[in-house]
K.L.:
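Sending over a structure as structure tokens; questions will come in a sec.
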2 protein chains.
Amino acid sequence: MPADRLVSAAHALYAGPMGTTENMRGRRPRLGARGPTVADVARLAGVSPMTVSRVINTETSVLPATRDKVRTAIATLGYVPNLAARSLAGGQQCRIALLHANPSAAYLSEFLMGSLAQASLIDAQLIVEQCDPLEPYQALVGRLSGHRVDAVLLPPPLCDDPALLAALEAAGLPVAQIATGRPAAFAHALTIDDEEAAHRMTTHLIGRGHRRIGFITGAANQTVSAARRAGYDRALADAGLPHDPRLVAQGDFTYRSGLLAATALLACVPRPTAIFASNDDMAAAAVAVAHRGHLDVPADLSVCGFDDSAMSRTIWPEITTVHQPIADMARQATALLAGTVRERSAAREASVRHVRVAFTIRHRASDGPPPLD
Amino acid sequence: MPADRLVSAAHALYAGPMGTTENMRGRRPRLGARGPTVADVARLAGVSPMTVSRVINTETSVLPATRDKVRTAIATLGYVPNLAARSLAGGQQCRIALLHANPSAAYLSEFLMGSLAQASLIDAQLIVEQCDPLEPYQALVGRLSGHRVDAVLLPPPLCDDPALLAALEAAGLPVAQIATGRPAAFAHALTIDDEEAAHRMTTHLIGRGHRRIGFITGAANQTVSAARRAGYDRALADAGLPHDPRLVAQGDFTYRSGLLAATALLACVPRPTAIFASNDDMAAAAVAVAHRGHLDVPADLSVCGFDDSAMSRTIWPEITTVHQPIADMARQATALLAGTVRERSAAREASVRHVRVAFTIRHRASDGPPPLD
DNA sequence: TGTCGTCATGGTAGCGCTCACAAAGAAGAA
DNA sequence: TTCTTCTTTGTGAGCGCTACCATGACGACA
């Protein structure tokens with residue numbers, strides 16, 4: 001059996017240093033054959049384990065020559081640090097809970113990718129918790145402390161829930177809100193400038209030649225809705241276009257609401273030549289309504305969305321939309337929270353950061369110049 | 001400063017055992033105030049730390065009375081095991097890579113939830129890796145071993161890629177395929193019975209009274225496509241319905257292909273009264289085509305999908321579809337892989353399991369009886 | 001009655017790493 | 001030259017837990 005051989009070999013290796021016959025009855029060193037350790041690297045590089053640790057981590061106070069020796073040794077052995085040992089020794093346990101309301105929300109997978117990548121990088125533990133809206137928040141917060149959660153990541157729409165935010169603040173948990181329209185004073189926040197994005201998109205449509213641009217608003221209780229609406233309004237004003245209230249229809253971010261809103265907009269006379277919806281689901285609904293009315297998109301009607309969700313790439317034609325770097329925002333939020341947790345355990349005052357990240361506009365097939373007629 | 005006070009208190013606690021004056025200059029015990037440890041629980045319960053460990057883990061060889069004492073102590077202190085210490089001491093490092101081709105695939109978030117939950121439960125580390133189809137698989141596998149990956153989780157469509165499977169098998173990595181139509185002999189596989197599910201859905205439509213049921217196939221290179229098609233065929237045969245080849249249209253799982261296929265199907269005379277698409281994106285496309293032709297769904301045309309993806313709940317009407325318990329499959333796959341990794345490190349022969357999990361049909365608003373005409 | 005298993009429990013060491021501190025050397029000030 | 005500082009490197013302990021044995025108690029069998 002090769003496995004037996006391996007164990008014996010390891011035993012032989014360790015028997016040497018043990019030396020004295022008294023210890024020879026000694027236990028064999030656990031079940032062996034795991035990867036190289038700092039000690040192995042240190043031996044090869046001719047330095048102490050501590051120096052190796054310093055090279056891996058802070059990189060400060062190490063002579064370039066020493067550092068290079070260590071780096072070479074690491075590369076030679078294919079050394080990978082043992083996260084478990086590191087966090088045990090470092091004593092920096094950091095559990096971050098990701099609260100979500102809806103397990104199949106489109107942005108969630110991207111969100112998870114980002115925070116997961118960062119968490120494994122800095123050796124934080126990510127805990128994903130479903131947040132049932134019926135459950136009282138006190139109970140939820142209790143559950144979190146039961147799990148020894150150190151910080152909380154809040155994607156939309158949870159990031160806009162005042163009761164939840166209040167409960168978390170009362171519990172003294174560091175919080176990061178992602179893609180909220182109104183960051184709380186006590187929380188980290190990662191946002192794009194929704195107003196500016198909507199302004200840019202509307203301006204883009206105006207630049208294409210559109211003069212009658214319909215707008216479908218988001219849900220009234222989500223803070224980004226007002227910002228997106230404001231951007232649309234400002235762009236019209238900047239271009240000196242008249243503001244026709246019939247060109248703004250109320251939506252609530254659902255496809256169904258988009259269907260109703262788009263139907264209302266397309267019933268206007270004269271018809272708008274473009275519709276800008278506050279999210280992609282509603283934009284997709286607008287495309288469906290247009291097609292039902294035998295209008296071609298984009299030849300007869302341009303449609304733009306917001307969020308760059310899967311929907312915008314799934315339907316045909318693919319929708320021009322505003323892309324938020326969700327994964328990157330989640331990554332940054334995770335890093336900020338871990339920083340706060342560690343500062344706090346070092347009894348330093350933790351500061352709160354509100355970060356604006358850049359959005360981009362994804363130009364796809366759903367917009368074009370207005371029809372000539 | 002309360003922090004200082006805490007440290008001093010901890011110091012005092014530790015000074016006792018240290019005893020000799022020589023050691024009194026001794027370091028204080030790191031920066032303290034982390035949660036209770038096995039030692040604390042053991043002290044309170046009046047047993048040894050080892051017994052506490054046994055209660056937490058295997059529960060074997062512990063007298064019920066002892067177990068209860070320990071459990072009470074755990075509850076009193078609010079003890080939570082330290083995962084880092086556990087995996088360090090247990091020596092059971094287990095890294096599982098989740099390979100995916102498309103970061104925004106609809107099922108991915110659910111998939112992640114499931115495997116993440118299981119991974120944190122059994123203290124395995126989940127690594128998410130983007131798998132660029134252009135990258136040669138040798139390089140990918142090399143990257144995986146570089147990260148010290150012990151096992152690989154393969155969601156669709158990667159689970160059907162023969163070259164990738166071959167490369168992983170050659171590298172000796174345990175693999176779990178999720179939702180594949182043709183499990184590899186060397187890999188774990190978690191599947192539903194696609195053929196049976198398609199049969200059940202088709203039979204459901206027949207039961208509703210439909211006699212002309214259109215079918216949109218999946219991509220030819222994915223193994224589930226044939227199974228779903230076979231289920232449709234068998235249901236027709238079971239019901240003694242004639243098999244009209246014009247009622248089967250080729251799709252490739254994209255919305256766009258669904259648009260084309262549905263258009264072809266609805267051009268048949270007499271028109272089918274129902275369309276069963278091999279996934280939800282194509283079913284959504286069929287709904288769009290129907291609406292464009294001023295057909296009501298489900299009054300004029302019933303539409304059913306497969307996968308229960310976000311799309312099926314987003315559009316209107318919501319689509320009746322086959323639900324795969326993706327999260328649960330991911331959970332089981334993760335558990336199987338961890339088991340294999342641990343058996344293997346214990347030099348036991350690891351066996352491969354092919355598990356069939358139950359699907360359910362989600363009845364929603366897109367199907368009904370055929371029109372009377 | 002003595003010997004042997006079997007079961008519940010305890011003792012000890014060590015997983016791989018990093019902390020606090022010590023030591024050694026180099027550079028600057030007196 | 002000697003003392004002080006700073007910088008780089010090393011030492012020893014311990015993070016919290018579990019693997020591996022040892023031990024003692026108890027009943028079964030000869």
Side-chain angles (χ1 to χ4, degrees), chain A residues 7 10-11 14 17-18 23 25-43 45-67 69-70 79-93 123 148 345-346, chain B residues 7 10-11 14 17-18 23 25-43 45-67 69-70 79-93 123 148 345-346:
Chain A
V7 171
H11 189 181
Y14 274 74
M18 276 182 182
N23 278 348
R25 75 178 175 84
R27 354 172 150 278
R28 63 165 175 275
R30 294 289 164 91
L31 185 57
R34 277 177 284 177
T37 72
V38 269
D40 300 319
V41 175
R43 211 171 304 132
V47 298
S48 78
M50 195 57 232
T51 305
V52 176
S53 171
R54 270 189 275 258
V55 171
I56 301 166
N57 296 291
T58 51
E59 303 262 345
T60 65
S61 291
V62 178
L63 246 37
T66 314
R67 181 164 56 224
K69 270 194 302 185
V70 172
Y79 166 77
V80 178
N82 181 323
L83 286 185
R86 192 190 290 204
S87 73
L88 179 58
Q92 312 224 332
Q93 301 273 61
D123 194 22
R148 290 254 135 69
S345 79
Chain B
V7 171
H11 189 181
Y14 274 74
M18 276 184 182
N23 278 347
R25 78 182 170 81
R27 358 175 147 275
R28 61 163 176 277
R30 295 288 164 89
L31 183 58
R34 275 176 284 176
T37 72
V38 270
D40 300 319
V41 176
R43 211 171 303 132
V47 298
S48 79
M50 200 52 239
T51 305
V52 177
S53 171
R54 270 189 276 259
V55 172
I56 300 167
N57 296 291
T58 51
E59 303 263 345
T60 66
S61 291
V62 179
L63 247 37
T66 314
R67 182 164 55 223
K69 270 194 300 183
V70 173
Y79 167 77
V80 177
N82 181 324
L83 287 184
R86 191 191 292 207
S87 72
L88 179 58
Q92 314 223 330
Q93 301 270 64
D123 194 21
R148 290 253 133 69
S345 80

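It should be emphasised that the depicted structure is a prediction, and the values quoted were computed from it without experimental measurement. Both backbone and side-chain heavy atoms feed into the values below; hydrogens, waters and symmetry mates do not. Naming convention: chains lettered A, B, ... in sequence-line order (proteins, then strands); numbering from 1 in each chain.
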K.L.:
Might you point out which heavy atoms bring B:Ala84 and A:Ser87 nearest each other, and give the distance in Å?
P.N.:
CB-OG, 3.1 Å
K.L.:
Between the protein and nucleotides 5-9 of chain D, list the N/O to N/O atom pairs that are separated by less than 3.5 angstrom.
P.N.:
| from | atom 1 | to | atom 2 | distance (Å) |
| --- | --- | --- | --- | --- |
| D:dT9 | OP1 | A:Thr66 | OG1 | 2.4 |
| D:dT9 | OP2 | A:Leu63 | N | 3.0 |

K.L.:
Under the side chain to side chain contact (heavy atoms under 4.5 Å, CB included) rule, collect the residues that match up with A:Arg43, sequence neighbours excluded.
P.N.:
A:Ala39, A:Asp40
K.L.:
Could you say whether B:Met50 or B:Ala84 is positioned toward the 5' end of DNA chain D, judged by the nucleotide with the nearest heavy atom to each?
P.N.:
B:Ala84
K.L.:
For A:Lys69 and A:Ala45, work out which heavy atoms get closest and say how close.
P.N.:
CD-O, 3.7 Å
K.L.:
Measure the distance from CG on A:Asp40 to C1' on C:dC15 and round it to the nearest whole Å.
P.N.:
13 Å
K.L.:
Using rotation axes that map the C1' atoms of four end pairs onto the next four (five pairs an end), what angle separates the end axes of the helix from C:dT1-D:dA30 to C:dG28-D:dC3, to 10°?
P.N.:
50°
K.L.:
For D:dG16, does either OP1 or OP2 sit under 4.0 Å from a side-chain N or O belonging to B:Thr37?
P.N.:
no
K.L.:
Between B:Leu83 (CG) and D:dG16 (C1'), how many Å, whole number?
P.N.:
11 Å
K.L.:
Can you measure B:Arg43 atom CZ to C:dG11 atom P for me and round it to whole angstrom units?
P.N.:
13 Å
K.L.:
Look up atom CG in A:Leu83 and atom CG in B:Leu83, then write down how far apart they are to the nearest 0.5 Å.
P.N.:
12.5 Å
K.L.:
Pair B:Ile56, B:Val38 - check side chain to side chain contact (heavy atoms under 4.5 Å, CB included), show working.
P.N.:
CA-CA 10 Å; B:Ile56 300 167; B:Val38 270; 4.2 Å; yes
K.L.:
Rounded to whole Å, how long is the line connecting atom CG of A:Leu88 with atom C1' of D:dT18?
P.N.:
12 Å
K.L.:
Taking only side-chain N and O atoms of B:Asn57, does any of them lie within less than 4.0 angstrom of OP1 or OP2 on D:dT18?
P.N.:
yes
K.L.:
List the steps, then state whether side chain to side chain contact (heavy atoms under 4.5 Å, CB included) holds for A:Leu88 with B:Asn82.
P.N.:
CA-CA 8 Å; A:Leu88 179 58; B:Asn82 181 324; 4.1 Å; yes
